[in-house]
Amino acid sequence: MTWTLTFSAPETPRTSSDMEKTVVVLAGPTAVGKTACGIELAAHFKTEIISADSRQIYRETSIGTAVPSPHELAQVKHHFIQVAPLTDPYHASRYEQEVLATLERLFKSHDLILLVGGSGLYIDAVCHGIDELPSVDPQLRSTLLDQFKNEGLDPLVARLKVLDPVSYDRVDLKNHMRVLKALEVSIQTGKPYSTFLSSKRKERPFRILRIALDIEREVLYDRINKRVDQMMEAGLLDEVKELVPLRGLTAMKTVGYRELFRHLDGEISLDEAVDLIRRNTRKFARKQLTWFRKENRYRWFSPGQTGEIISWIESHAQ
RNA sequence: GGUGCCAUAGCUCAGUUGGUAGAGCACAGGACUGAAAAUCCUGGUGUCCCUGGUUCAAUUCCUGGUGGCACCA
């Protein structure tokens, strides 16, 4: 135990600022139990939690995004929960910058901070950065989007080949979002999109420990199904009704909202919508697991292993 | 009870002029640089209901069952 060292050497007190700072990432698929585990860890390490969830960050949604309960939020200080309005869309780069600023502030009083959530891209943006890109005129994007809808992807791909041959070779040309992104930046700036990308990972002034939670698939799906039922009982349909005026926003493509919008349109029954929410949540969980499995960067635990997780953190964060 | 139709993947169904089969969804895996709970790619997982018959060969044709649906009594 290294903790005793700190206390047994009073003549050379180590202040917080001497210690190496550590960010402990706690990731995992939706409904696996990250929130509860994170709170236990935060209580043990007497620290705070930065949420790494691209949807809990929005203010107007709570039931469908499964934000921590008021009781949970009262136990441990959480950051980046319900801080931005839906009309002010968030993105990974902004998240990176704001979290880094928050970390700098929190490290003045803590040696270890928890980053808890399931948004892989947001986590990686904090851990090794995401390139800064020039902002694009929304008008340009919608023009390109219209062209995509009317003429398909081929003309856009052809244009990309001319404007940015490097991206043409690298980008997934079947994925319209990737093509549109590369194209809109290239058009907007007059410089190829690829010139804005560096493949370098940014160095961070803190240590990063990555932990991911997983459980048996069947158990996970069971938890997902039950949570969807709980959301419906908690009034998800009413929450969605309130958000109808904002349904065009990207953030409203979230699982749980888009299915209920379809139901409100009369397109599908409520039962069908709820069934679709369960199915799409399962799919989402699988996709998250794919992200976290990548490159073996995570140390995996099951959500009940709090004691083992604490020991592992202590032995690696010294 | 009679007549007709149906029975193929976990589900809904297509198909095989007789040579053991394929779509969507589900499920599984992967990608991911300012929409990331988004978007995109890959993979069929099977006593073709059972039993006899015809045939070199039957999931396919025929007989008889069983189950379901519809109509008539």
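First the proteins, then the strands, lettered A, B, ... as listed; each starts at 1.
Atom pair A:Gln288:CD and B:U39:P shows a separation of 15 Å (rounding to whole Å applied). One interatomic measurement links the two molecules: OH of A:Tyr95 to C1' of B:A35, which rounds to 17 Å at whole-angstrom precision. Across the protein-nucleic acid pair, A:His176 atom NE2 and B:A38 atom C1' stand 9 Å apart, rounded to whole Å. A straight line from CG of A:Leu145 to P of B:A35 spans 12 Å, rounded to a whole angstrom. Rounded to whole Å, atom P of B:A28 lies 11 Å from atom CD of A:Glu218. Here the P atom of nucleotide B:A38 and the CG atom of A:Asp53 are 12 Å apart, to the nearest Å. Here B:G10 presents its P atom at 17 Å from CZ of A:Arg279, a figure rounded to the nearest Å. One can place CZ of A:Arg293 at 14 Å from P of B:C32, the figure rounded to the nearest angstrom.
Distance from the side chain of A:Trp291 is smallest for B:A36 among the nucleotides B:C27, B:A35, B:A36. Among the nucleotides B:U33, B:A35, B:U39, the one closest to any side-chain atom of A:His91 is B:A35. With B:C27, B:A36, B:A31 as the candidates, the nucleotide lying closest to the side chain of A:Arg286 is B:C27. Side-chain proximity of A:Ile130 to the nucleotides B:G34, B:A38, B:C40 is greatest for B:G34.
Contact of the A:Thr22 side chain with the A:Asp111 side chain is not registered, since no non-hydrogen atoms from C-beta on lie closer than 4.5 Å.
The partner of B:G4 is B:C69, judged by Watson-Crick or G-U wobble contacts that both fall below 3.5 Å. Across the strands present, B:A21 finds no partner; the criterion is a Watson-Crick or G-U wobble pair with both atom distances under 3.5 angstrom. For B:G29, the paired nucleotide is B:C41, the pair qualifying as Watson-Crick or G-U wobble because both relevant distances are below 3.5 Å. Remark: B:U54 base-pairs with no nucleotide; criterion is Watson-Crick or G-U wobble with both hydrogen-bond distances under 3.5 Å. For B:G46, there is no paired nucleotide, since no Watson-Crick or G-U wobble pair has both relevant distances below 3.5 Å. Base pairing of B:U60 is not made with any nucleotide, judged by Watson-Crick or G-U wobble geometry with both donor-acceptor distances under 3.5 Å.
Within the 4.0 Å cut-off from OP1 or OP2 of B:G34, at least one side-chain nitrogen or oxygen of A:Tyr193 is found. For A:Arg282 and B:A26, the shortest distance from a side-chain N or O to OP1 or OP2 is not below 4.0 Å. For B:A28, the OP1/OP2 oxygens have a side-chain nitrogen or oxygen of A:Tyr221 closer than 4.0 Å. OP1 and OP2 of B:U33 both lie 4.0 Å or more from every side-chain N or O belonging to A:Arg201. For B:A36, the OP1/OP2 oxygens have a side-chain nitrogen or oxygen of A:Tyr122 closer than 4.0 Å. Phosphate contact (OP1/OP2 of B:A31, side-chain N/O of A:Arg178, threshold under 4.0 Å): absent. The phosphate of B:C32 has OP1 or OP2 within less than 4.0 Å of a side-chain N or O from A:Lys294. Applying the 4.0 Å criterion to OP1 and OP2 of B:G30, one finds that A:Thr290 has a side-chain N or O inside that range. For B:A26, the OP1/OP2 oxygens have a side-chain nitrogen or oxygen of A:Lys283 closer than 4.0 Å. Contact between the side-chain N/O atoms of A:Arg217 and the OP1/OP2 oxygens of B:G29 is found at a separation under 4.0 Å. Dashed line: the shortest gap from a side-chain N or O of A:Arg141 to OP1 or OP2 of B:A35 is under 4.0 Å.
A:Asp137 and A:Gln188 share no donor-acceptor pair across their side chains, judged by distance under 3.5 Å alone. If you check the side chains of A:His263 and A:Glu267, you find no donor sitting under 3.5 Å from an acceptor.
Annotation: cation-pi geometry satisfied between A:Arg299 and A:Phe301 (NZ/CZ under 6.0 angstrom from ring centroid, within 45° of ring axis). Both tests pass for A:Lys191 against the ring of A:Phe196: distance under 6.0 Å to the centre and angle within 45° of the axis.
Within 4.0 Å (heavy atoms only), A:Glu132 reaches at least one base atom of the nucleic acid.
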- Message: Could you go through A:Arg227 and A:Thr30, starting from their C-alpha distance and side-chain angles, then the distance that decides it, and tell me whether this counts as side chain to side chain donor-acceptor pair (under 3.5 Å)?
- Response: CA-CA 10 Å; A:Arg227 199 172 70 173; A:Thr30 187; 2.6 Å; yes
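Between A:Glu295 and A:Arg201 a salt bridge is recorded (basic side-chain N to carboxylate O distance below 4.0 Å).
In terms of polar N and O atoms assigned as donor or acceptor, the side chain of A:Lys287 comes within less than 3.5 Å of the base of B:A38 in a complementary pairing.
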